[in-house]
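Read the numbers this way: they start at 1 and go in the same order the structure lists the ligands and their atoms. What you are looking at is a predicted structure, and each value in this text was computed from that prediction instead of being measured.
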Amino acid sequence: MSGNHLSLHDIKQMDQDYYFGVFGQRGPLVFERGEGSWLIDNQNNRYLDMLGGIAVNVLGHGNPALVSAISEQAAKLIHCSNLYYIENQAKLAKKLCSIAEMDKAFFCNSGAEANEAAIKLVRAYRNRSEDKRHVILTAKQSFHGRTLATATATGQEKYNLPFAPLPPGFDTLPFGDIFALKKKLEDGKVAALMLELVQGESGVHALEQAYVEEAALLCKKHDALLIIDEVQTGMGRTGYFTAARRYGIQADIITLAKGLGGGVPIAAMLARGDVCNGFLPGDHGSTFGGNPLATAAALAVINEIEKHDLMNEAKRKGELLANELNKIPGVRDVRGLGLMVAFGPVNQDAVTWKNSLMHAGILVGSVGLDTIRLLPPLTVSDSEIKHFVDAVKQVSHTFSS
Ligand SMILES: *Cc1c(COP(=O)(O)O)cnc(C)c1O
């Protein structure tokens with residue numbers, strides 16, 4: 001470690017003094033670089049990254065194709081504003097519309113912003129039509145972001161009650177309850193239903209196939225728009241480009257973010273059909289959204305996903321990971337789709353498990369005290385999965401004795 005670097009202790013102190021305490025106590029690590037599925041800290045310790053920057057680092061760390069796309073674009077032009085045409089932006093819009101079978105794209109910088117754009121599109125579309133329905137329906141325990149509107153859409157009071165008064169026009173329904181959805185749609189106020197097909201942040205809970213199919217049909221019947229929040233499930237995570245594809249449904253609006261730029265902040269709102277006419281010139285915009293650098297990164301990510309068949313790989317490796325975890329006695333309730341996996345740890349709580357795994361050189365996420373969450377790079381290798389499974393066995397064994 002070179003002499004002008006701060007120690008963990010000093011960084012922690014500085015963070016405590018000057019950074020808003022919104023992240024609470026962070027993991028006691030300072031990472032300096034990454035190689036594939038591995039992160040290396042300022043003490044030169046290596047950690048297997050089974051959380052992938054929370055589903056962001058889909059190509060792992062230091063992917064050569066992504067690094068060179070970013071470096072080459074940065075040397076040419078990082079940003080020029082949306083007052084001018086941007087070649088990468090147009091190419092990315094075309095590419096995403098073709099892969100996701102949508103008609104139009106809008107780029108912004110985060111998942112919350114993409115969902116905010118989706119909400120605004122629905123509202124503008126309805127306000128300009130005869131049909132003035134404006135309620136956006138979401139599921140309990142959902143997570144859609146932290147802007148005022150997306151926090152209100154989020155079906156967890158801890159994310160919105162502190163910020164009251166909240167914007168009106170949102171309502172929630174119980175997760176996976178088709179009768180509750182039917183009832184809400186029948187009252188004639190719902191403009192759109194917004195869903196995560198696999199709830200991520202609240203602990204990796206996938207909706208049932210029958211519910212999703214029925215919900216899509218009900219939306220069509222009641223002329224309610226279907227927004228699928230693919231911020232976490234998109235970019236091949238579940239074994240398909242979108243989870244909507246995996247479930248075999250067609251959404252009116254899809255949002256993407258986390259994995260889209262492989263770590264460079266970029267998000268997308270994709271729409272199809274008549275709702276695309278909801279936005280008129282001046283209705284929406286973004287200073288940074290879809291700039292030359294961010295769109296170069298996203299194009300490189302998609303190219304790598306296609307070139308290395310990472311969607312099918314996510315499906316295969318997700319099954320391998322789940323099968324291996326299911327064999328471990330200290331592991332219960334293994335769930336998820338593709339490389340979006342969670343399990344319930346036995347004998348000790350999830351935070352204790354997470355810390356033990358960290359000491360063993362492995363990074364995972366925890367949700368509450370009963371869920372361990374895994375979102376590894378789609379490039380994670382079979383032998384890295386095996387390394388992870390062996391470490392889980394070890395930890396499980398320690399806690400059972
Ligand atoms: C992470 C997440 C968001 C918010 O994304 P940000 O980039 O943090 O704004 C929204 N929806 C889902 C499903 C997410 O997982």
Side-chain angles (χ1 to χ4, degrees), residues 20 22-23 26 51-58 100 106-122 136-156 158-160 163 170 172 175-176 192-207 212 226-238 240-244 246-247 251 253-270 286 288-290 294 297-298 301 336-342 365-368 371 373-376 378:
F20 273 103
V22 291
F23 297 111
R26 310 191 202 212
L51 195 56
I54 318 183
V56 167
N57 301 100
V58 285
F106 176 81
F107 299 126
C108 43
N109 315 287
S110 68
E113 262 186 274
N115 288 332
E116 186 88 18
I119 293 164
K120 285 180 72 177
L121 179 65
V122 169
I136 313 276
L137 198 54
T138 60
K140 294 227 159 73
Q141 296 304 115
S142 58
F143 184 78
H144 298 296
R146 294 169 180 279
T147 61
L148 209 42
T150 58
T152 305
T154 290
Q156 303 183 60
K158 66 175 177 182
Y159 290 118
N160 54 44
F163 312 107
F170 292 89
T172 56
F175 180 78
L193 170 66
M194 178 151 131
L195 288 176
E196 297 165 86
L197 296 178
V198 187
Q199 289 190 338
E201 191 271 349
S202 65
V204 188
H205 300 286
L207 280 166
V212 174
L226 182 58
I227 307 170
I228 302 297
D229 179 345
E230 302 262 9
V231 167
Q232 189 165 152
T233 52
M235 302 308 292
R237 174 68 47 190
T238 70
Y240 295 77
F241 188 69
T242 57
R246 177 163 184 150
Y247 279 89
I253 301 176
I254 277 175
T255 54
L256 296 169
K258 289 191 166 85
L260 180 55
V264 175
I266 178 169
M269 189 269 295
L270 309 174
S286 171
F288 293 120
V301 168
L337 290 178
L339 283 175
M340 186 172 179
V341 175
S366 60
V367 181
T371 297
R373 177 156 78 133
L374 311 170
L375 295 158
L378 306 185

Novice: For ligand 1, which of its N or O atoms have a protein N or O partner closer than 3.5 Å, and how long is each gap?
Specialist:
residue, atom, partner, partner atom, Å
ligand 1, 7 (O), Gly111, N, 2.8
ligand 1, 9 (O), Gly111, N, 3.4
ligand 1, 9 (O), Ala112, N, 2.8
ligand 1, 11 (N), Phe143, O, 3.2
ligand 1, 11 (N), Asp229, OD1, 3.4
ligand 1, 11 (N), Asp229, OD2, 2.8
ligand 1, 15 (O), Gln232, NE2, 2.8
ligand 1, 15 (O), Lys258, NZ, 2.6

Novice: Taking the side chain as every heavy atom from C-beta outward, state whether Val122 and Ile253 have any pair of such atoms under 4.5 Å apart.
Specialist: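 Yes - at least one pair of side-chain heavy atoms lies under 4.5 Å apart.
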
Novice: Should we say atom CZ of Phe288 is surrounded by more than 12 heavy atoms from elsewhere, each under 6.0 Å from it?
Specialist: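 It does not: Phe288 CZ has 12 such atoms or fewer within range.
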
Novice: State, with a plain yes or no, whether a side-chain heavy atom of Val198 is found less than 4.5 Å away from one of Val204.
Specialist: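 Yes - at least one pair of side-chain heavy atoms lies under 4.5 Å apart.
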
Novice: Just so I know, are the side chains of Gln232 and Arg237 near enough to count as touching, which here means a heavy-atom distance under 4.5 Å?
Specialist: no

Novice: Please determine, by modelled atom types, if Gln141 and Glu201 share a side-chain donor-acceptor pair under 3.5 angstrom.
Specialist: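 Per modelled atom types, Gln141 and Glu201 side chains form no pair under 3.5 Å.
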
Novice: For a side-chain contact (heavy atoms from CB on, under 4.5 Å) with Thr255, tell me which candidate from Ile228, Thr150, Asp229 qualifies.
Specialist: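 Of all the options given, the one that passes is Asp229.
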
